[in-house]
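In what follows, a single structure is set out as structure tokens and then discussed.
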Amino acid sequence: IVAVRVPVAGSHRSTRASTKFEVYSAPAGSKQKLSIEIPGAARVWRPPSASTAAISPEPAPVAEIRDLTMARPDGRTLSLRLYRGTATAVEARLPALLFFHGGGWVLGDLDVVHGACTVLANRAYAIVVSVDYRLAPEHPFPAAVQDCWAVTRWVADNAAVIGADPERIAVGGDSAGACLAAVVALMARDEAYPALRFQLLLYPVTDTAGISSSRQEKGQGYLLTTDLLRWFYDHYVPEELDRYATRRSNGWGAMNRSR
């Protein structure tokens with residue numbers, strides 16, 4: 001069973017995945033046992049199966065894996081994991097893909113996409129840099145965007161150090177991570193640096209307003225429900241923030257400039 005974090009007020013720890021989570025919250029120093037329900041959680045967090053093998057493949061042998069760190073925009077440490085595909089020369093300057101994991105901006109880490117990153121590195125004969133960006137609710141928008149943008153610029157600035165070709169850098173991710181990749185690509189366009197070659201967007205979140213016909217018609221009975229998506233949005237961009245103003249700002253706003 002995949003362990004998950006359940007955001008609540010104060011400090012917390014989560015139990016195993018199920019529709020109902022037991023959470024210990026201690027905002028005032030005393031442990032209080034709470035029970036909360038996350039809509040659709042039983043359908044989202046489950047053991048890997050054949051249906052998810054394409055999304056979370058088994059890790060494959062690669063030429064190199066390196067755990068790296070860099071300074072986050074807030075001055076603390078940001079963890080990265082670099083993969084170099086097999087059949088690539090050490091002295092070669094390889095294309096580089098920055099990969100941002102999914103998880104609704106609330107869940108996930110480097111290990112969640114470890115297998116996918118090994119496969120991408122091998123099949124693309126490339127370097128893949130996986131990013132352990134900050135998560136909500138402890139770090140709501142724009143923390144994740146800031147981290148992903150900082151890493152993208154760092155890879156471009158230090159391409160020679162990590163064996164990458166600065167002229168062949170791409171961004172990608174799955175779900176919320178794909179949203180972050182698309183946001184970073186728009187920021188790179190606006191800043192005219194770095195010159196990204198393409199985006200690898202796996203089932204990306206590109207409409208935060210949720211007014212599409214598919215969202216209305218397919219909001220129940222599938223992997224993600226409308227209520228669960230709203231739960232993720234509420235933690236990433238809390239209600240007390242002006243979401244429409246936020247959408248017009250750097251990052252999140254790039255996704256919704258036409259609204």
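What's counted below: heavy atoms across the whole structure, side chains too, no hydrogens, waters or symmetry copies. Since the structure is predicted, the reported quantities are computational estimates derived from the model, not experimental observations.
Tyr133 and His101 have parallel rings, their planes meeting at less than 30° on a 0 to 90° scale where 60° marks the start of perpendicular.
In the hydrophobic clustering of ILVMFWY residues, with side-chain heavy atoms under 4.5 Å counting as a link, Val113 and Leu110 come out apart. A continuous path of ILVMFWY side-chain contacts below 4.5 Å connects Leu229 to Leu135, so both sit in one hydrophobic cluster. Tyr125 is not connected to Tyr83 by any chain of hydrophobic side-chain contacts under 4.5 Å among Ile, Leu, Val, Met, Phe, Trp and Tyr, and they are in different clusters. Placement of Leu186 and Leu201 in two distinct hydrophobic clusters is found when ILVMFWY residues are connected by side-chain heavy-atom separations under 4.5 Å, directly or transitively. There is no path of hydrophobic side-chain contacts, each under 4.5 Å, that joins Val112 to Val119.
Here the CG-CZ distance, from Asp147 to Arg76, works out to 12.0 Å after rounding to the nearest 0.5 Å. The distance from atom OG1 of Thr226 to atom CD of Glu217, rounded to the nearest 0.5 Å, is 11.0 Å. The line from CD1 of Ile65 to OG1 of Thr118 is 7.0 Å long, rounded to the nearest 0.5 Å. Ser214 contributes atom OG, which lies 11.0 Å from atom OH of Tyr222 (distance to the nearest 0.5 angstrom). One finds the CZ atom of Arg230 at 8.5 Å from the OG1 atom of Thr225 (value rounded to the nearest 0.5 Å). To the nearest 0.5 angstrom, Arg153 atom CZ is 10.5 Å from Met70 atom CE.
Under the side chain to side chain donor-acceptor pair (under 3.5 Å) criterion, Thr77 pairs with no residue at all, not counting sequence neighbours. Applying the salt bridge (charged side-chain N to carboxylate O under 4.0 Å, His left out) rule to Glu64 yields the partners Arg66, Arg84; only residues at least two apart in sequence or on another chain are considered.
Pairing each heavy atom of Pro194 with each of Ala188, the nearest pair is O-CB, 3.5 Å. When all heavy atoms of Ala181 and Gly173 are compared, the pair lying nearest together is CB-N, 4.3 Å. The shortest non-hydrogen separation linking Ala176 to Gly103 is CB-N, 4.4 Å. The minimum heavy-atom distance between Pro204 and Cys179, with the atom names listed, is CB-N, 4.5 Å.
Results of the side-chain contact (heavy atoms from CB on, under 4.5 Å) test with Leu98 over Ile127, Val128, Val171 single out Val171 as the only residue that passes. The residue from Tyr233, Phe100, Phe141 that alone fulfils the ring-ring contact (aromatic ring centres under 6.0 Å, His included) condition with Trp105 is Tyr233.
Looking at heavy atoms from C-beta onward, Leu196 lies in side-chain contact with Thr152 at the 4.5 angstrom threshold. Between Leu80 and Trp154, some side-chain heavy-atom pair lies under the 4.5 Å cut-off. Proximity of Leu200 to Leu120: side-chain heavy atoms (C-beta onward) are separated by under 4.5 Å at one or more points. Contact check for Val145 versus Met187: side-chain heavy atoms found under the 4.5 Å cut-off.
Side-chain N or O atoms of Asn122 include one that pairs as donor or acceptor with a backbone N or O of Pro61 at under 3.5 Å. For the pair Asp174 (side chain) and Gly177 (backbone), a donor-acceptor distance under 3.5 Å is absent. Side-chain atoms of Arg93 do not come within 3.5 Å of backbone N or O of Glu167 as any donor-acceptor pair. With His235 contributing its side chain and Trp231 its backbone, the two residues share a donor-acceptor pair below 3.5 Å.
Contact check on Arg81 versus Asp132 returns no salt bridge, with no Lys/Arg side-chain nitrogen under 4.0 Å from an Asp/Glu carboxylate oxygen.
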